[in-house]
Amino acid sequence: MKSITIKGSERENVGKKATKAVRDAGMVPCVIYGGDQPVHFTAEEKAFKNLVYTPNAHTVVIELNNGKKADVILQDIQFHPVSDKILHIDFYALKDDKEIVMEIPVKVTGTSPGVLAGGVLRLNQRRLKVKALPKNLPDFVEANISPLEMGNKLYVTKIETNNFKLMHPDNTVVAQVRISRAAMKAAQEAAKAEKGGAKKKK
């Protein structure tokens, strides 16, 4: 999985007053959990642009001004309800030998015969929860729609997994090919014509 680096400064004061001052200065208060103890730090809001405002999934390297480094993933993020500014971010420290759960984007591959016949592809799950060791986290989960005829569904059990597990019930639908209105209308007209032809033969 691709990684991005975010530079920040470790915080000593973590009270409400200090947190307000951090936000007023255009910085985002953050915490790293999962280690021996939580690490509080701040970083510029623009530093999170490539992490937050993207459909892709990333691991993150946090580099602090005191020389500390941590490999993490984004765990939780809070936005201001009106301005949408980032208020707070929680990260979780990665350990090479410990599996983690992360939401990974779905990438559609292949060509569906049902779509070629006029059906409409619907992606029911844009992200899937994956459990894996950090080194085995994929950039995306491939959803091969090649077997899908009109009206068919692709279940999570048909997704190929390589060194990772999908944390969803077996009946989870990842994608499906629906009959389009145009195709439905054409089928109805064909049925009417066939019925009319059969009456004439009588």
Side-chain angles (χ1 to χ4, degrees), residues 1-107 125-142 156 159-170 172 174:
M1 175 176 283
K2 292 171 186 170
S3 179
I4 62 172
T5 300
I6 290 173
K7 297 180 186 295
S9 302
E10 192 163 1
R11 290 175 67 195
E12 292 179 11
N13 301 319
V14 293
K16 284 186 179 178
K17 236 182 190 180
T19 300
K20 186 180 184 304
V22 163
R23 292 190 181 120
D24 289 345
M27 309 290 278
V28 178
C30 308
V31 186
I32 301 172
Y33 294 103
D36 295 331
Q37 56 187 26
V39 176
H40 297 262
F41 73 97
T42 62
E44 290 184 89
E45 187 172 8
K46 64 182 180 183
F48 301 104
K49 183 179 68 173
N50 294 330
L51 174 66
V52 177
Y53 305 108
T54 174
N56 301 323
H58 297 92
T59 55
V60 184
V61 179
I62 303 293
E63 290 185 357
L64 301 179
N65 58 341
N66 55 9
K68 287 183 184 177
K69 282 177 76 172
D71 292 317
V72 301
I73 58 166
L74 176 65
Q75 189 175 46
D76 189 39
I77 184 166
Q78 294 172 22
F79 293 96
H80 190 281
V82 178
S83 67
D84 270 348
K85 282 184 66 130
I86 300 172
L87 294 178
H88 185 88
I89 301 180
D90 288 341
F91 291 96
Y92 188 80
L94 298 177
K95 292 177 182 174
D96 293 342
D97 59 348
K98 189 176 179 184
E99 288 185 320
I100 56 160
V101 176
M102 188 174 181
E103 285 197 343
I104 305 295
V106 173
K107 181 182 179 183
Q125 304 289 333
R126 296 190 177 276
R127 287 177 170 258
L128 290 171
K129 281 186 181 177
V130 165
K131 186 177 186 179
L133 291 172
K135 66 177 181 180
N136 294 330
L137 286 169
D139 287 317
F140 49 81
V141 177
E142 282 194 18
V156 73
I159 299 289
E160 282 190 28
T161 58
N162 184 20
N163 296 325
F164 63 84
K165 300 170 198 163
L166 292 172
M167 308 299 287
H168 294 269
D170 289 351
T172 302
V174 179

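Residue numbers run from 1 in the order of the sequence given.
Side-chain contact check for M102 versus I104: some heavy-atom pair is nearer than 4.5 Å. With contacts defined as side-chain heavy-atom distances shorter than 4.5 Å, the pair L64/V39 qualifies. With a 4.5 Å cut-off on side-chain heavy atoms, D139 and N56 do not count as touching. In this structure, V174 and H168 have side chains that are not in contact, with every pair of non-hydrogen atoms separated by 4.5 Å or more. Residues F91 and I73 form no side-chain contact, since every pair of their non-hydrogen atoms from C-beta on lies 4.5 Å or further apart. The shortest distance between side-chain heavy atoms of T42 and V28 does not fall below 4.5 Å. Two residues are said to be in side-chain contact when any heavy atoms from C-beta on lie closer than 4.5 Å; V60 and L74 fail this criterion.
Not a single donor-acceptor pair under 3.5 Å links the side chain of T54 to the backbone N or O of L51. In this structure, the side chain of R23 does not engage the main chain of P29 through any donor-acceptor pair within 3.5 Å.
In this structure E142 satisfies the side chain to side chain donor-acceptor pair (under 3.5 Å) test with no other residue, sequence neighbours excluded. Every residue meeting the side chain to side chain donor-acceptor pair (under 3.5 Å) condition with D90, not counting sequence neighbours, appears here in chain and number order: H88.
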Under the side chain to side chain contact (heavy atoms under 4.5 Å, CB included) criterion, do F164 and L137 qualify, and how do the steps go? CA-CA 7 Å; F164 63 84; L137 286 169; over 6 Å; no
Decide yes or no on side chain to side chain contact (heavy atoms under 4.5 Å, CB included) for R126 and V106, but give the supporting numbers first. CA-CA 5 Å; R126 296 190 177 276; V106 173; 5.8 Å; no
Criterion side chain to side chain contact (heavy atoms under 4.5 Å, CB included) on I86 and F79, from CA distance to verdict: CA-CA 5 Å; I86 300 172; F79 293 96; 3.7 Å; yes
Using the side chain to side chain contact (heavy atoms under 4.5 Å, CB included) rule, take T19 and R11 through it: C-alpha gap first, then chi angles, then the decisive distance, then the call. CA-CA 10 Å; T19 300; R11 290 175 67 195; 2.9 Å; yes
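A57 approaches P105 most closely through the heavy-atom pair CB-CD, 3.7 Å. For the pair P169 and V156, the tightest heavy-atom approach, listed with the atom from each and the gap, is O-CG1, 3.2 Å. In terms of heavy atoms, A93 sits closest to G34 at CB-C, 4.2 Å.
Tested against V61, the residues L94, I6, D71, I4 include a single side chain to side chain contact (heavy atoms under 4.5 Å, CB included) partner, D71.
A salt bridge (charged side-chain N to carboxylate O under 4.0 Å, His left out) check over residues 93-107, counting only residues at least two apart or in different chains, returns the pairs E99-K165.
Atoms NZ and OH, from K46 and Y53 in turn, are 14.0 Å apart once rounded to the nearest 0.5 Å. To the nearest 0.5 Å, atom CD of residue Q75 and atom CD1 of residue I100 are 10.0 Å apart. Taking CD of E63 as the reference point, atom NZ of K7 lies at 4.0 Å (rounded to 0.5 Å). Atom CZ of F140 and atom CE of M1 lie 10.5 Å apart (nearest 0.5 Å).
More than 12 heavy atoms of other residues, nucleotides or ligands lie within 6.0 Å of CD in E45, so this atom counts as buried by the packing criterion.
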